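Data block below; observations after.
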2 protein chains.
Amino acid sequence: MAEEKVFTISELAAMFDISSRTIRYYEEIGMLTSENRDSLTKQRSYTNRERRRLKMILRGKKLGFSLQEIREMIELYESNPEGEAEKSMIIAFADSKLREIEEQIMQLQMLREDILTYKEKYENSRVKS
Amino acid sequence: MAEEKVFTISELAAMFDISSRTIRYYEEIGMLTSENRDSLTKQRSYTNRERRRLKMILRGKKLGFSLQEIREMIELYESNPEGEAEKSMIIAFADSKLREIEEQIMQLQMLREDILTYKEKYENSRVKS
DNA sequence: CTCCTAGTTGACGTTAACGTTAGCTTAGTT
DNA sequence: AACTAAGCTAACGTTAACGTCAACTAGGAG
């Protein structure tokens with residue numbers, strides 16, 4: 001197996017155009033982990049696994065979810081349910097999130113239509129170039 | 001013309017399930033106006049026009065936009081451009097917002113797919129009822 | 001050895017978006 | 001007349017999500 005590439009905190013920050021502080025903050029509140037820190041220098045290092053996790057967090061943010069909501073989704077995503085009851089709970093949670101997301105998509109499409117209509121109003125009133 | 005119905009602040013708040021304070025706050029930062037306040041009691045009253053405006057604000061919030069961004073969109077929406085230059089600016093702004101929104105819709109659809117896939121994984125592993 | 005760069009840990013500062021409380025007025029009961 | 005409900009202003013409080021700054025350490029470059 002190829003040695004997996006690891007990143008420093010500022011490399012990771014640059015990738016997503018955020019600050020190092022933001023990454024440390026996410027760790028502070030337990031949304032990101034940095035195991036295998038250099039035992040001497042205490043420097044953090046990140047693997048692709050953490051990079052993907054961070055990407056999920058930032059996607060959630062862009063969609064308007066709070067870090068708290070994102071945390072719940074991710075925890076669910078990475079949970080390993082034991083019994084049938086837990087599985088059912090997960091499915092129920094997923095369903096409710098799905099409805100939320102579908103509602104959001106619909107609203108966005110309506111907003112899109114509104115803006116389009118609005119825009120056309122001005123395009124049609126322009127002088128022919 | 002029929003007399004237009006007006007609402008008190010708490011009626012309006014109840015309609016949208018928000019607090020009166022929130023409405024006053026929106027006025028404070030200039031996103032909502034309440035003309036025609038009772039000259040003696042200083043009580044605010046709202047017409048359908050303001051109700052629609054509030055609805056737009058709340059829709060924006062649900063979609064994850066900040067009040068500042070929403071303010072810009074509404075200002076644009078209600079602006080009355082004079083020359084061709086202004087119209088072009090409005091159209092350009094609308095286009096950029098449209099791209100933003102379309103991107104957001106795409107991301108949401110991807111998230112939706114992810115959740116669906118994830119959910120099916122658990123549904124298929126359940127015992128037949 | 002000196003300097004510079006990157007990183008670290010506190011800890012306090014900041015902004016948006018309201019919540020909460022106090023003290024006052026007015027309108028409508030009882 | 002006393003009380004209650006709804007609203008008002010002014011002002012301080014709160015939470016999320018970082019920004020910023022100080023004081024320190026380790027690893028190279030020259």
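As the structure is a prediction and not an experimental result, all values here were calculated from the model. Numbers restart at 1 for each chain; the letters A, B, ... are given by sequence-line order, proteins then strands.
The nearest whole Å value for the distance from the CD1 atom in A:I57 to the C1' atom in D:dC18 is 14 Å. Counting to the nearest Å, the P atom of C:dT14 and the OH atom of A:Y25 are 18 Å from each other. In this entry the distance linking CD of B:Q68 with P of C:dC18 reads 13 Å, nearest Å. To the nearest angstrom, P of D:dA16 lies 14 Å from CD1 of A:I70. A:E27 places its CD atom 17 Å from the P atom of D:dA17, with the value rounded to the nearest Å. If you take CZ of A:R21 and P of D:dA17, they are 13 Å apart, rounded to a whole angstrom. Rounding to whole angstrom units, CD of residue A:E28 and C1' of D:dT15 are separated by 15 Å. Rounded to whole angstrom, the span from the CE atom of B:M31 across to the C1' atom of C:dC18 amounts to 14 Å.
Dashed line: the shortest gap from a side-chain N or O of A:S19 to OP1 or OP2 of D:dC18 is not under 4.0 Å. Here B:T22 reaches the OP1 or OP2 of C:dG19: one of its side-chain N or O atoms lies under 4.0 Å away. Residue A:Y26 has no polar side-chain atom (N or O) positioned under 4.0 Å from OP1 or OP2 of D:dA17.
The list of ring pair (Phe, Tyr, Trp, His ring centres under 6.0 Å) pairs with a residue in residues 4-42 of chain A, not counting sequence neighbours, is empty.
Out of D:dA26, D:dA17, C:dA17, the shortest distance to the side chain of A:K61 is found at D:dA17.
Distance NZ/A:K42 to CZ/A:R37: 7.0 Å, rounded to 0.5 Å.
A:E50 meets the side chain to side chain donor-acceptor pair (under 3.5 Å) test with A:T33; sequence neighbours excluded.
Within a 6.0 Å radius of CE in B:M89, other residues, nucleotides and ligands contribute 12 heavy atoms or fewer.
Remark: the A:E100 side chain and the A:Q104 side chain contain no N/O donor-acceptor pair separated by less than 3.5 Å. With 3.5 Å as the limit, one finds a donor-acceptor pair spanning the side chains of B:S34 and B:E27.
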Completion exercise
With B for base contact, S for sugar-phosphate-only contact and - for none (protein heavy atoms under 4.0 Å), nucleotides 2-10 of chain C reads ----SSBB-

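When all heavy atoms are compared, the tightest approach of A:A13 to A:S19 is CB-C, 3.9 Å.
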